[in-house]
2 protein chains.
Amino acid sequence: MPAAVLHNTAGDAKDGEVLELVELFFFAYRDFVRDADRLLETYGFGRAHHRVLHFVDRRPGLSIAALLDILRITKQSLNRVLKQLLDAGLVEAREGASDRRQRLLFLTSLGETLARELAALQSERFRRVLGEMPVPARDAAADFLFSMIDSEERTRVRDHLARARNRAQRAAEPL
Amino acid sequence: MPAAVLHNTAGDAKDGEVLELVELFFFAYRDFVRDADRLLETYGFGRAHHRVLHFVDRRPGLSIAALLDILRITKQSLNRVLKQLLDAGLVEAREGASDRRQRLLFLTSLGETLARELAALQSERFRRVLGEMPVPARDAAADFLFSMIDSEERTRVRDHLARARNRAQRAAEPL
DNA sequence: AGAAATATGTCAATATAGCTGACTTAAACC
DNA sequence: GGTTTAAGTCAGCTATATTGACATATTTCT
């Protein structure tokens with residue numbers, strides 16, 4: 001089914017072709033978040049809650065500061081959302097062991113359930129898309145997305161991914 | 001520079017790999033819109049204004065209904081934004097020739113200037129990214145984005161792209 | 001020990017972008 | 001002439017973000 005939708009022949013991309021990519025990116029993102037939004041609505045939560053759930057799931061024990069750094073929003077914005085998640089019993093804050101000022105964030109089992117339901121929806125879309133692509137093009141998709149990120153942000157993102165991976169390894173080890 | 005960031009070996013994508021794509025998509029979109037947001041701020045406009053400017057630029061003579069269909073927001077939401085753009089003299093509404101109830105939207109030269117400045121920012125990002133990719137992978141990027149769109153929406157998107165391509169000849173078009 | 005920096009929380013006000021519901025006007029369709 | 005359609009409008013609501021100012025506890029530095 002995917003057969004060069006835009007007929008990008010070769011060489012430099014023309015103005016119109018690039019504009020179409022801009023639009024496709026807009027439409028793709030619009031649909032990408034809509035799945036999750038619908039599910040969140042049934043719980044009375046929004047996109048902001050999703051982001052917190054996601055990143056705490058990916059990196060349990062994340063501090064408030066680290067979370068703010070990832071989300072790039074203000075402390076006040078986060079607080080409202082975080083308080084709702086704490087009150088609803090989806091997120092748990094524990095005092096930091098080495099630095100008792102810190103509140104380290106963890107998901108409760110309830111929070112984990114929702115986080116993984118949401119992740120499943122969005123992963124499903126990617127799985128479908130990857131399945132429709134030839135294998136060599138899959139790495140290209142990841143490189144494409146990574147390259148779309150601001151160069152100054154890439155180190156931060158790479159660091160985040162590495163930390164999330166280490167967490168996964170630690171979880172897998174005690175088998 | 002792009003060298004298989006995620007080391008997607010072959011076969012089915014693993015859970016962790018797919019989750020990383022989900023995150024990369026989030027980060028990529030976050031940065032993608034930030035360029036434009038910064039410029040818009042200096043004009044006192046927001047992302048909603050940008051979308052209107054963009055789609056009216058792409059399809060001059062767009063009716064309100066057609067614009068609502070693309071944006072997937074309510075008439076009331078659009079109206080506030082559209083009124084500001086009309087008042088600021090960036091957008092112009094003309095009575096439909098065949099159907100006088102319609103208000104067909106066009107950019108003024110002022111509106112065109114801003115729309116193209118914004119488009120240039122976002123196109124620049126794509127040009128950079130495409131430039132960093134091997135030529136065959138470029139079509140893959142377009143196919144990837146198109147495939148990310150809901151299947152029920154793809155016809156609509158394809159139709160929009162076709163109309164945008166033909167826009168030069170047309171003055172106005174029916175929905 | 002005391003000062004300074006840090007991590008977090010909180011209050012208040014504001015902006016943007018969306019929503020629903022109800023209603024109007026004017027034109028087109030049949 | 002009645003119904004449908006395209007668009008505009010009023011009022012009120014929600015979610016997500018912002019800035020600025022200030023409070024508190026804890027750590028770190030001198």
Side-chain angles (χ1 to χ4, degrees), chain A residues 26 29-30 33-34 36-54 56 61-88 91-105, chain B residues 26 29-30 33-34 36-54 56 61-88 91-105 172-175:
Chain A
F26 164 72
Y29 193 79
R30 183 195 64 176
V33 289
R34 200 152 48 186
D37 282 354
R38 269 192 291 259
L39 176 57
L40 285 158
E41 213 174 313
T42 72
Y43 288 81
F45 292 127
R47 211 173 284 180
H49 304 88
H50 182 187
R51 294 199 277 259
V52 172
L53 284 174
H54 174 89
V56 174
L62 205 64
S63 71
I64 302 281
L67 185 53
L68 288 175
D69 191 55
I70 290 173
L71 298 176
R72 300 216 152 285
I73 60 173
T74 59
K75 185 176 48 164
Q76 296 90 325
S77 297
L78 174 60
N79 229 274
R80 181 186 50 86
V81 167
L82 185 55
K83 195 180 282 182
Q84 291 171 313
L85 289 171
L86 289 164
D87 289 350
V91 175
E92 207 174 71
R94 300 185 205 150
E95 193 174 73
S98 58
D99 185 338
R100 286 169 45 221
R101 289 172 304 181
Q102 290 186 323
R103 292 174 69 209
L104 307 183
L105 303 174
Chain B
F26 164 72
Y29 193 77
R30 183 195 63 178
V33 290
R34 200 153 47 186
D37 283 354
R38 269 192 291 260
L39 176 58
L40 285 157
E41 214 173 313
T42 72
Y43 287 80
F45 292 127
R47 211 173 285 180
H49 303 88
H50 181 187
R51 294 200 276 260
V52 171
L53 285 173
H54 174 89
V56 174
L62 204 64
S63 71
I64 302 283
L67 185 53
L68 288 175
D69 191 57
I70 289 173
L71 298 177
R72 299 216 152 287
I73 59 173
T74 59
K75 185 176 49 164
Q76 296 90 326
S77 297
L78 174 59
N79 230 276
R80 230 188 339 226
V81 167
L82 185 55
K83 196 180 281 182
Q84 290 172 312
L85 290 171
L86 289 164
D87 289 349
V91 174
E92 207 174 72
R94 300 184 205 149
E95 192 174 74
S98 58
D99 186 338
R100 286 170 45 220
R101 289 172 304 182
Q102 291 187 321
R103 292 175 69 209
L104 307 183
L105 304 173
E173 49 192 323
L175 171 65

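A, B, ... follow the sequence lines: proteins, then strands. Residue 1 opens every chain.
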Determine the minimum heavy-atom distance between I70(A) and R30(B), stating which atoms define it.
O-NH1, 3.2 Å

When all nucleic acid strands are considered with a 4.0 Å heavy-atom cut-off, which category describes K83(B): base, sugar-phosphate, or nothing?
sugar-phosphate

Can you tell me whether the side chain of Q76(B) and the base of dG21(C) have a donor-acceptor pair closer than 3.5 Å?
yes

L85(B) atom CG is separated from dA17(C) atom C1', nearest whole Å, by 14 Å

Side chain of A48(B): nearest nucleotide among dT19(D), dT10(C), dA17(C)?
dA17(C)

R51(A) and L71(A): which non-hydrogen atoms are nearest, and at how many Å?
CB-CD2, 3.8 Å

Kindly indicate whether the side chain of L82(B), heavy atoms from C-beta on, has any atom under 4.5 Å from the side chain of L105(B).
yes

Less than 4.5 Å apart, any side-chain heavy atom of K75(A) and any of L68(A)?
yes

Testing the basics here: between E95(A) and R100(A), what is the closest heavy-atom pair and its distance to 0.1 Å?
CG-O, 3.5 Å

Once you round it to whole Å, what is the distance between P of dT5(D) and CG of L68(B)?
16 Å

Contact nearer the 5' end of DNA chain C, comparing V81(B) with K75(B):
V81(B)

May I ask you to evaluate whether S77(B) reaches the phosphate of dC19(C), defined as a side-chain N or O under 4.0 Å from OP1 or OP2?
yes

Could you tell me which non-hydrogen atom of R47(A) sits nearest to which non-hydrogen atom of D37(A), and how far apart they are?
NH2-OD2, 2.7 Å

Take atom NE2 of H50(B) and atom P of dA17(C), then tell me their distance rounded to the nearest Å.
12 Å

Reckon T74(B) has a side-chain N or O less than 4.0 Å from the OP1 or OP2 of dC19(C)?
yes

Quick check on dT16(C): is either OP1 or OP2 less than 4.0 Å from any side-chain nitrogen or oxygen of H49(B)?
no

Need one value for R47(B): base, sugar-phosphate or nothing, where a base atom within 4.0 Å counts as base even if backbone is also close, heavy atoms only.
sugar-phosphate

Would you name the heavy atoms of G96(A) and L104(A) that are closest together and state the gap between them?
CA-CD1, 3.8 Å

Whether each nucleotide of nucleotides 25-30 of chain C has a protein heavy atom under 4.0 Å at its base (B), only at its sugar-phosphate (S) or at neither (-) is summarised, 5' to 3', as --BS--

Could you check how far CG of L40(A) sits from C1' of dT14(D), rounded to whole Å?
15 Å

Using heavy-atom distances to pick each residue's nearest nucleotide on DNA chain D, tell me which of A93(B) and F45(A) is more 5'.
A93(B)

note: I64(A), atom CD1; dT26(D), atom P; distance rounded to Å ~ 16 Å

